[in-house]
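First comes the structure, then the notes that go with it.
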Amino acid sequence: MPRLPALLRCSASLRSQLLAVGALGNAVPGRMDKVCDMKYKMMDSPLGKIELSGCEQGLHGIKLHGRKGADTDPMEAPTPPELLGGPEDVAEPLMQCAAWLDAYFHKPALLTELPLPALHHPVFQQDSFTRQVLWKLLKVVKFGEMISYQQLAALAGNPKAARAVGGAMRNNPVPILIPCHRVICSSGAVGNYSGGLGVKEWLLAHEGSLVEGPSRGGGSRLARSWRGALGGTTSSQPAGRN
């Protein structure tokens with residue numbers, strides 16, 4: 001296993017930056033008291049195999065192993081050959097994440113009853129705009145809702161930071177759990193997604209946010225515009241380009 005980055009080591013300065021960021025149910029940033037003993041779990045999904053990584057203190061990552069690209073039907077995503085490394089026992093945060101994802105794909109009505117795993121990736125241990133954007137997205141934008149990049153920037157405290165929000169979405173280590181697929185362009189276009197356009201459109205369709213099947217140009221017709229997706233909670237913010 002490659003050497004873990006220095007950010008996974010504990011320091012007093014990092015611990016002092018762990019802030020209580022609103023009421024987020026059971027999802028809280030973990031404490032970094034030692035080098036993480038990483039564990040892994042592979043699970044099946046309609047998008048193909050999903051790899052979960054984390055430690056006893058929290059979830060580090062969610063990786064979609066389905067084929068990327070707009071020409072891929074997520075239902076036909078291939079299975080990766082094998083999960084590389086990792087002990088046989090599975091940490092509790094990984095089990096919680098697997099249960100949450102299983103409900104997301106098969107029984108969405110149960111999501112509000114399930115605990116979210118603690119999050120322990122380094123991005124959640126630092127007081128940064130990226131962390132603030134990701135927590136706000138997790139807290140505010142629920143299943144079947146959408147928001148624009150510019151609107152999310154405004155919710156995070158900087159209405160002019162739409163591009164920075166796009167960067168935060170690209171750096172989201174736990175996609176689906178933190179729903180970067182629900183962030184779309186102000187024009188109503190679906191926009192980019194690190195897992196591929198086809199996956200983003202599949203997720204939005206799964207949540208009932210797409211009226212029609214996916215298009216290849218990122219222009220699928222949305223069931224509701226982002227301006228009304230949150231019941232007007234952010235409708236006073238001006239529309240941005242992204």
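As a basis for the values below, the full set of heavy atoms in this structure was taken, side chains included, without hydrogen atoms, waters or symmetry mates. Computed from a predicted model, the values in this text were never measured in an experiment. Residue numbers run from 1 in the order of the sequence given.
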Pairs of donor and acceptor atoms involving the side chains of residues 166-174, under 3.5 Å and at least two apart or interchain, shall be tabulated with distances.
unit_1, atom_1, unit_2, atom_2, d
Asn171, ND2, Gly167, O, 3.1
Asn172, OD1, Val174, N, 3.0
Asn172, ND2, Ile178, O, 2.9

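- No donor-acceptor pair under 3.5 Å is formed between the side chain of Glu51 and the backbone N or O of Tyr40.
- One distance of note links OG of Ser194 with CG of Leu64; it measures 7.5 Å at 0.5 Å rounding.
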What's the verdict on side chain to side chain contact (heavy atoms under 4.5 Å, CB included) for Met43 and Leu52, showing C-alpha distance, side-chain angles and the deciding distance? CA-CA 8 Å; Met43 63 176 291; Leu52 311 179; 4.2 Å; yes

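- The shortest side-chain heavy-atom distance between Leu47 and Leu203 falls under the 4.5 Å cut-off.
- Separating the NE2 atom in His65 from the CG atom in Asp44 is a distance of 11.5 Å, to the nearest 0.5 Å.
- The shortest side-chain heavy-atom distance between Tyr104 and Ser45 does not fall under the 4.5 Å cut-off.
- Considering all non-hydrogen atoms of both residues, Val183 and Tyr149 come closest at CG1-CD2, 3.4 Å.
- Side-chain contact between Ile176 and Phe105 is present, with heavy atoms from C-beta onward closer than 4.5 Å.
- Separation of atoms OG (Ser53) and CG (Leu94) is listed at 7.5 Å; rounding is to 0.5 Å.
- Closest heavy-atom contact between Pro159 and Gln150: O-NE2, 3.1 Å.
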Audit row: Leu155, Ile147, side chain to side chain contact (heavy atoms under 4.5 Å, CB included) steps and yes/no: CA-CA 10 Å; Leu155 283 176; Ile147 191 170; 3.3 Å; yes

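- Remark: the backbone N or O of Val123 is not paired with any side-chain donor or acceptor of Arg131 at under 3.5 angstrom.
- Nearest heavy atoms, Cys185 versus Gly191: SG-CA, 3.8 Å.
- Looking only at side-chain heavy atoms (C-beta outward), Glu201 and His181 stay at 4.5 Å or farther from each other.
- Residue Ile62 holds its CD1 atom at 4.0 Å from SG of Cys97, rounded to the nearest 0.5 Å.
- A heavy-atom distance below 4.5 Å is found between the side chains of Glu207 and Arg182.
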The test is side chain to side chain contact (heavy atoms under 4.5 Å, CB included); show your working for Thr112 and Phe143 and say whether it passes. CA-CA 10 Å; Thr112 57; Phe143 190 98; over 6 Å; no

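- In terms of heavy-atom proximity, Leu177 sits nearest to Leu138 at O-CD1, 3.5 Å.
- At a threshold of 4.5 Å between non-hydrogen side-chain atoms, the residues Ile50 and Lys63 do not count as touching.
- Ring geometry, His206 versus Trp202: the interplanar angle falls under 30°, so the pair is classed parallel (tilted spans 30 to 60°).
- Between Lys136 and Leu152, the shortest heavy-atom distance links the atoms CG-CD1, 4.3 Å.
- Side-chain atoms of Leu119 and Trp135, non-hydrogen and from C-beta on, do get closer than 4.5 Å to each other.
- Within the 3.5 Å criterion, the main-chain N or O of Ala156 finds a donor-acceptor partner in the side chain of Gln132.
- Looking at Lys200, its side chain does come within 3.5 Å of a backbone N or O of Val190 through a donor-acceptor pair.
- In this structure, the separation between CD on Glu113 and NZ on Lys107 is 11.0 Å, given to the nearest 0.5 Å.
- Rounded to the nearest 0.5 angstrom, Leu116 CG and Leu114 CG are separated by 8.5 Å.
- Between His120 and His60, the side chains place a donor N or O and an acceptor N or O closer than 3.5 Å (distance only, hydrogens not considered).
- Heavy-atom minimum distance, Pro115 versus Gln96: CG-NE2, 4.2 Å.
- Hydrophobic cluster membership differs between Trp100 and Leu110, with clusters built from Ile, Leu, Val, Met, Phe, Trp and Tyr side chains linked at under 4.5 angstrom.
- Looking only at side-chain heavy atoms (C-beta outward), Glu56 and Asp37 stay at 4.5 Å or farther from each other.
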